[in-house]
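See structure below.
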Amino acid sequence: MREASRDRLKAFLTLLPSIILIGVFVYGFIGETIWTSLTDWGGSGALSLTPEKNFIGLANYVELFTGVLGGGFRQDLVNAVYYSVMLLVGAVGLGMFIAILLDQKPKGEDVLRTIFLYPMSLSFIVSGTIWRWLLAPQGGLNVLPKYAGMEPLDFQWLSSTAAILEFNWQNLFQILLYVAAFLLILTGLWLLKKDSGMAVKRWLVPGIAVGAGAWLFGDLLPEALFMEETHGFNLATMGIIMATVWQYSGYTMALYLAGFNGISQDLRDAAMLDGASEVGYYRHVAIPMLKPITISAVIILSHISLKMFDLIFAMTGPDNAETGHPALNMYLTTFRANNFAQGAAIAIVLFLVAAMFIVPYLVSQYRQRGRR
Amino acid sequence: MTNKITFGSVFLYGTLTIMALFFLMPAYMAMVTALKLPGDISLPAAWEFPSTINWASFSDAVKMLKPNFINSIILTVCATIGSTVLGSLNGYVFSKWKFKGSEVVFTLFLFGMFIPYQVILIPLFQTLRAMNLYGGLPGLILAHIVYGLPITSLIFRNFYSQIPTALIESGRLDGAGFFSIYFRIVFPLSIPGFVVTSLWQFTQIWNEFLWGICLTRHADNPITVGLAQLAGGQAVSWNLPMAGSIMAAIPVLAIYIFLGRYFIRGLLAGSVKE
């Protein structure tokens, strides 16, 4: 027995260096960045090893969300939200679609799978450099229709200054309530078939109430900004979204394909015997069974879109206002402008948004492991 | 499946062909542009095949990016070995020597894999400077080892949990201790685990850019930073960045094409559940 307890100690001591490293480099550093974001570290002398830091509370955050100079950051944040949503829809949708096609076992499946997945192995700098050339206004993609005898396109993939779905940042609270109402109603409609009583009581009625409340009393809500400031979906980010979808659809395809292969042939045959069509099999049997895979894909893709830096850097350079992203803004604010405190505040905002997705995911994974 | 031409099979093969062309389009464009003479590159004729093949872009790109390429090789090999070896030991403990709270520790490790790295960038920058490691490769290697620990520990933990516990128990009955079980039983079984993990780490570290640009000085820039600088200059004609991109892509593409099976296993392991 004494041998066994000594082995246990050895096991723990083997892990200890890694625990310390992760403790310091992950948790310690996050704490340090939170502290930095509450100070005024910046300006001249910022680069000294022991810079002067004074506690100034939440002033950096207040500046980011309500200050005059924070307008760029607010547009970056809007870009990141649209970017994440479009990437999720694009990469999950396209990846699932390709996986279903390849699940039909066409000839040359191996080659095709290789072709769809190779972008995933490339650096964002490599793919960004190539896509920048592909999206040049008078060349690349825009001249492709010429080969089919049509007029070339003239869309400014990376430099368009047009924006759609614009809104006034002053109405932010009202808009967030509308979004919440929309999501509640959507979930309610989706659950309506399964359990109509619950769906109406838990989702539909609250959703309609929130929506109506925001519509009727929206004027009473405080304004989120002292001046009018419009933000929208910048069309210049379309090119970046397309390149990311190109690079990451293969990833979701591989996830779904592994999932489809894991479903037993018996189950599939049974579904077919029950009269399910091909489409019905995927819609009612396969895709619902692979919900954990869909959740993983959503978590990982949203994590990627939140920290996206390299691809935008390579495609449009770090300081293109139209295609800005908080991750790039953080880099410029910190390492170009030497405003470390403000950069830390941007990083913390990114971190909090990411944590909203990741913490529930990791907690549920932890619980599942415990059950096994 | 029958060989009859049906609407379904036309749709299937037609769609797959169009998609495959869309996915190969950037690779074709990079190759064609890299092989053109700088004077032959024009926007309207970007898709056309070069009239004369010009290999000089590749030798020029090699000349310009060679120092970065060597930096990346050193960085990637050292950091891959470090994080893989530590990950293997951690995975062994997490799967076969669970202690009270080890699952919580494991979950806390995993969290480190999902943080946006901007949130640790400033303290990392300051710490490396204080340790006199800022600017050079050793600091970058340290960072890649530490932040590689979550994923390598995860892959090895999942891999080792497939080794039957009875095998470990019988080793213990034979009087083997913690380390001799690892070296005599677990390690010989973990060659595929090492291949999967090290290939995954190799591609991740090779492709990394944010730390490369923030934590190294010019002489120690890895290949991604060198390529970004080569492509970012406005005066350069496009054959050079394209040749440089191909050069930066070759090591990881080779891994992917020749050892794709292992690469995909690493990719699936990264989604936590296996």
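Throughout, protein chains are lettered first and strands after them, A, B, ... in sequence-line order, and every chain is numbered starting at 1.
- Only the side chain of B:L142 has a heavy atom closer than 4.5 Å to any heavy atom of chain A.
- With a threshold of 4.5 angstrom between heavy atoms, B:I41 approaches chain A through side-chain atoms but not through N, CA, C or O.
- Proximity to chain A (any heavy atom under 4.5 Å) is shown, for B:V119, by both the backbone and the side chain.
- Among B:C214, B:G244, B:S42, B:G112, the residue with the largest count of heavy-atom pairs under 4.5 Å with chain A is B:C214.
- Of the listed residues (B:I213, B:T107, B:T127), the greatest number of heavy-atom pairs within a distance under 4.5 Å of chain A belongs to B:T107.
- Checking side-chain atoms of B:N90 against main-chain N and O of A:L15 turns up no donor-acceptor pair under 3.5 Å.
- Contact check for B:F178 versus A:L9: no side-chain heavy atoms found under the 4.5 Å cut-off.
- Heavy atoms closer than 4.5 Å to chain A are found in the side chain of B:L149, but not in its backbone.
- A:F116 and B:F23 have perpendicular rings, their planes meeting at more than 60° on a 0 to 90° scale where under 30° would count as parallel.
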Report task. Evaluate the criterion side chain to side chain contact (heavy atoms under 4.5 Å, CB included) for residue pair A:T334 and B:L121; output intermediate values, then yes/no. Result -> CA-CA 10 Å; A:T334 311; B:L121 195 56; over 6 Å; no
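- Residue B:L12 holds its CG atom at 10.5 Å from NZ of A:K107, rounded to the nearest 0.5 Å.
- Both the backbone and the side chain of A:W246 come within contact range of chain B, each with at least one heavy atom under 4.5 Å from a heavy atom of that chain.
- Contact of A:I293 with chain B is not made at all, since no heavy-atom distance falls under 4.5 Å.
- Between B:F209 and A:F313, a ring centre-to-centre spacing shorter than 6.0 Å is recorded.
- Side-chain atoms of B:R129 come within 3.5 Å of backbone atoms of A:L47 as a donor-acceptor pair (strictly under, hydrogens ignored).
- Residue contact with chain A, scored on non-hydrogen atoms closer than 4.5 Å, is absent for B:A143.
- Both the backbone and the side chain of A:Y118 have a heavy atom closer than 4.5 Å to some heavy atom of chain B.
- B:I223 does not touch chain A: none of its heavy atoms, backbone or side chain, sits under 4.5 Å away.
- Residue contact with chain A, scored on non-hydrogen atoms closer than 4.5 Å, involves the backbone and the side chain of B:L16 alike.
- Residue contact with chain A, scored on non-hydrogen atoms closer than 4.5 Å, involves the side chain of B:T33 exclusively.
- Ring centers of A:F309 and B:Y117: at least 6.0 Å apart, outside the cut-off.
- Between B:W238 and A:W133, the angle of the ring planes stays under 30°, which puts this pair in the parallel group of the 30/60° scheme.
- Ring orientation note: the planes of A:Y27 and B:F111 are close to parallel, at an angle under 30° on the 30°/60° scale.
- Separating the NE2 atom in A:H303 from the CE atom in B:M113 is a distance of 8.0 Å, to the nearest 0.5 Å.
- Counting heavy-atom pairs closer than 4.5 Å to chain A, the top residue among B:R172, B:K96, B:R157 is B:R157.
- In this structure, no portion of A:I34 lies under 4.5 Å from any heavy atom of chain B.
- Contact annotation for B:M19: both backbone and side-chain heavy atoms come within less than 4.5 Å of a heavy atom of chain A.
- The distance from atom CZ of A:F351 to atom CD of B:Q118, rounded to the nearest 0.5 Å, is 12.5 Å.
- Residue B:Y92 does not touch chain A at all, counting heavy-atom pairs closer than 4.5 Å.
- For the set B:I120, B:L86, B:V104, the count of heavy-atom pairs under 4.5 angstrom toward chain A peaks at B:I120.
- Within the 4.5 angstrom heavy-atom criterion, no atom of B:S153 approaches chain A.
- Partner B:P116 forms a side-chain contact (heavy atoms from CB on, under 4.5 Å) with one of A:M330, A:K307, A:M308 and no other, that one being A:K307.
- If you tally non-hydrogen atom pairs under 4.5 Å between each of B:I255, B:L210, B:T203, B:I264 and chain A, the highest count goes to B:L210.
- Interface remark: A:A354 contributes side-chain atoms only to the contact with chain B (heavy atom separation under 4.5 Å).
- If you measure heavy-atom distances from B:Y182 to chain A, you find no contacts under 4.5 Å at all.
- Using a 4.5 Å cut-off between heavy atoms, B:V93 contacts chain A through its side chain alone, with no backbone atom that close.
- In this structure, no portion of A:L306 lies under 4.5 Å from any heavy atom of chain B.
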